Structures are given as structure tokens and as C-alpha cells.
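Treat the numbers as computed from the prediction; the structure is a model and nothing was measured.
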Amino acid sequence: MTPSRKGWQKMVERRQVNVDPSWPLAGALASVARERGWDVTPAEGSASVLSIDERPVELPDGVDLARLRIEVILGALIDRLGIEPVFGSATVIAPAAGMCGPAAAGPVDSVRIGSFWSGDTVGVRPVAWSARVVTAQQSRCWLVVADFVGGWPDGTVVTGDLAVLPAVVSTDTARASQFQLDRGRGTAWPEVLLLDTPRARRGRLPVLAMCSDGLVADQLLDEALTSAKTVDQ
């Protein structure tokens with residue numbers, strides 16, 4: 001597959017990235033930056049959590065980061081599916097290590113019930129959403145069970161330009177995560193993957209998908225570059 005023009009730009013623009021390893025998304029952000037061909041070094045003791053080419057970048061944390069994750073994930077689904085729903089709702093199963101501190105901080109079988117949030121998605125087509133987030137202690141990826149309201153005829157199949165994972169791995173997120181590792185995508189791949197083929201019913205489109213923190217890290221790096229270019233102009 002030939003990379004898009006934007007894809008080529010991500011790969012060929014050499015950047016120097018410094019990121020504080022204590023920030024929750026530091027590992028994913030460093031992984032995505034290296035995939036773009038950028039140089040990454042830790043910024044321990046720095047006043048700024050992230051800097052690109054020595055320019056400090058403001059990053060969300062705490063509740064703001066948790067909300068942004070959901071907005072980016074649902075926005076990416078809407079944009080990549082190419083749909084224009086009037087509303088979206090979801091249950092999101094998140095890795096405990098990404099939401100509640102280290103994964104070793106609780107029992108192996110711990111599932112924590114999180115908050116009920118709502119807002120507007122981040123992406124080309126902003127859409128109102130509501131979501132319940134729960135965290136699973138041993139999960140390595142984000143599992144999204146979404147339902148979009150949009151008036152599609154019954155039986156309409158919508159995949160957009162999203163990949164549907166092979167059936168042999170799509171019923172187990174551990175196998176799906178290992179599948180991504182085996183094909184060289186690492187642990188922080190910056191895209192959404194479908195676990196089955198979305199098919200409309202009664203005007204609604206149910207979607208089962210997975211992603212990693214690489215998706216949000218990729219969005220944050222794009223926003224940081226856009227902000228930098230705006231300031232330079």
C-alpha cells in the first residue's frame with residue numbers, strides 16, 4: 001500500500017522529541033514518534049512534559065486526558081467508517097494501566113466501573129456522544145462497543161477504510177494484540193481495528209472495535225505540529 005501524502009510527511013519530517021516518562025501516555029507517544037522517524041529522548045526533570053524541537057507542548061492529564069481518549073477513539077471510528085451519525089454511545093473497556101495506575105495495583109480479575117461521560121468527538125465530523133468506561137486489569141488494548149444512530153437501511157454493511165481483523169484472532173483481544181505484535185505494529189499502533197463487520201439494524205450501526213493508546217498519541221502529535229505551524233505563521 002502506498003502511504004498517503006500525509007503519511008509520507010509523518011515519516012520524512014525529522015523531529016526531536018523529549019517526553020517525560022512519568023506521563024501516562026509517554027510510552028505510546030514515544031513509540032508513535034519513533035515510527036514517524038523522529039528522535040526521542042526522556043525529559044526527566046524538565047519543566048515541560050513534552051517538547052518537540054525544543055518547543056514545549058501542553059498535554060492533558062487526569063480527567064481531561066481520560067475524556068480526550070474517548071473523544072479521539074469514537075471520532076476516529078466515525079471518520080474512518082465515513083459515517084455521519086446524529087449520536088453515538090459506547091461502552092469502553094480500557095486497560096487499567098492506562099486509567100488507574102500500574103496494572104499490578106489490583107487483583108488479576110479486577111474490573112473497575114468508571115464514570116459515565118458525554119461530549120463531542122474529535123475529528124472531521126464532530127458528533128455528540130455518551131460513554132461508560134470500565135477498566136480491566138489485564139487488558140493490553142481498548143475494546144469499544146459502540147452504537148451509532150443514523151438511519152441506515154437494515155443490512156447495510158459499513159467498514160469504510162477500517163481493517164476487519166481475521167476471525168481467528170478477533171474473538172480474543174489477547175490474540176488480537178499478539179497479532180499486531182507479530183505483524184510488526186508493536187503495542188501502540190495508531191489506528192482503530194474492527195473485530196467484526198458492522199451491519200446496520202433499525203437505523204443503528206453497532207460497532208465492535210479495538211485500539212491502543214497509540215491512536216491518541218498520534219492525534220496529540222498531529223495537534224502539536226499544527227499548533228507549532230500556526231505560531232510560526
Side-chain angles (χ1 to χ4, degrees), residues 1-61 64-66 68-69 71-73 75-77 79-80 94-99 101-103 122-123 139-143 161-163 165 169 173-193 209-232:
M1 179 182 295
T2 302
S4 65
R5 184 176 180 181
K6 182 179 179 182
W8 278 118
Q9 289 173 340
K10 286 183 179 181
M11 289 187 289
V12 301
E13 289 181 357
R14 196 75 173 183
R15 303 279 181 173
Q16 175 61 50
V17 177
N18 300 87
V19 59
D20 185 340
S22 67
W23 188 62
L25 280 183
L29 195 146
S31 177
V32 171
R34 290 192 182 98
E35 185 176 333
R36 297 184 180 201
W38 299 359
D39 298 318
V40 180
T41 56
E44 296 175 297
S46 172
S48 176
V49 173
L50 172 69
S51 65
I52 299 178
D53 295 338
E54 300 184 351
R55 185 193 300 272
V57 177
E58 290 188 11
L59 292 176
D61 210 340
D64 290 337
L65 177 58
L68 177 65
R69 279 169 155 145
E71 291 172 347
V72 170
I73 291 170
L77 274 175
D79 291 347
R80 299 294 299 277
M99 296 285 288
V122 173
S139 177
R140 289 182 287 172
C141 67
W142 291 66
L143 180 65
D161 60 0
L162 289 178
L165 286 178
V169 300
T173 58
R175 289 184 178 180
S177 296
Q178 187 61 48
F179 176 74
Q180 288 293 88
L181 285 172
D182 292 344
R183 59 188 221 146
R185 300 299 288 145
T187 59
W189 66 91
E191 64 262 359
V192 184
L193 300 170
M210 64 179 282
C211 65
S212 77
D213 271 334
L215 178 71
V216 182
D218 193 56
Q219 174 75 22
L220 289 170
L221 288 178
D222 278 348
E223 289 181 354
L225 288 182
T226 299
S227 297
K229 290 176 182 176
T230 300
V231 170
D232 290 340

Chi angles and distances behind the side-chain contact (heavy atoms from CB on, under 4.5 Å) call for D61, V49: CA-CA 10 Å; D61 210 340; V49 173; over 6 Å; no

Does any non-hydrogen side-chain atom of L162 lie less than 4.5 Å from one of E191? no

Output the distance between atom CZ (R69) and atom CG (L220), rounded to the nearest 0.5 Å. 9.5 Å

Within the distance-only criterion (no hydrogens, no angle test), does the side chain of R36 pair as donor or acceptor with the backbone N or O of D218 below 3.5 angstrom? yes

When rounded to the nearest 0.5 angstrom, what distance separates CG in D213 from CG in L65? 8.0 Å

Do you know which two heavy atoms are closest between W189 and S177, and how far apart they sit? CH2-OG, 4.3 Å

So L68 and Q219, side-chain contact (heavy atoms from CB on, under 4.5 Å) or not? Walk me through it. CA-CA 10 Å; L68 177 65; Q219 174 75 22; 5.7 Å; no

Show me, pair by pair, the donor-acceptor contacts under 3.5 angstrom made by side chains of residues 22-31, not counting sequence neighbours?
| residue | atom | partner | partner atom | Å |
| --- | --- | --- | --- | --- |
| S22 | OG | D20 | OD1 | 2.8 |
| S22 | OG | D20 | OD2 | 3.2 |
| W23 | NE1 | P60 | O | 3.2 |

V122 and D79: which non-hydrogen atoms are nearest, and at how many Å? O-OD2, 4.5 Å

What I want to check is whether the side chains of T41 and Q16 have a donor and an acceptor closer together than 3.5 Å. yes

Interatomic distance, D182 atom CG to R175 atom CZ [nearest 0.5 angstrom]: 12.5 Å

Which residues share a side chain to side chain contact (heavy atoms under 4.5 Å, CB included) with A33, sequence neighbours left out: V17, W38, V40, L221

For L50, is there any backbone N or O sitting under 3.5 Å from a side-chain donor or acceptor partner on N18? no

Answer yes or no: are there more than 12 heavy-atom neighbours, outside E58 itself, under 6.0 Å from its atom CD? no

Minimum heavy-atom separation for V192 and A76, please, with both atom names. CG2-CB, 3.8 Å

Considering only heavy atoms from C-beta outward, does the side chain of R185 approach that of E35 to under 4.5 Å? yes

Please report the interatomic distance CD(Q180) to OG1(T173), rounded to the nearest 0.5 Å. 12.0 Å

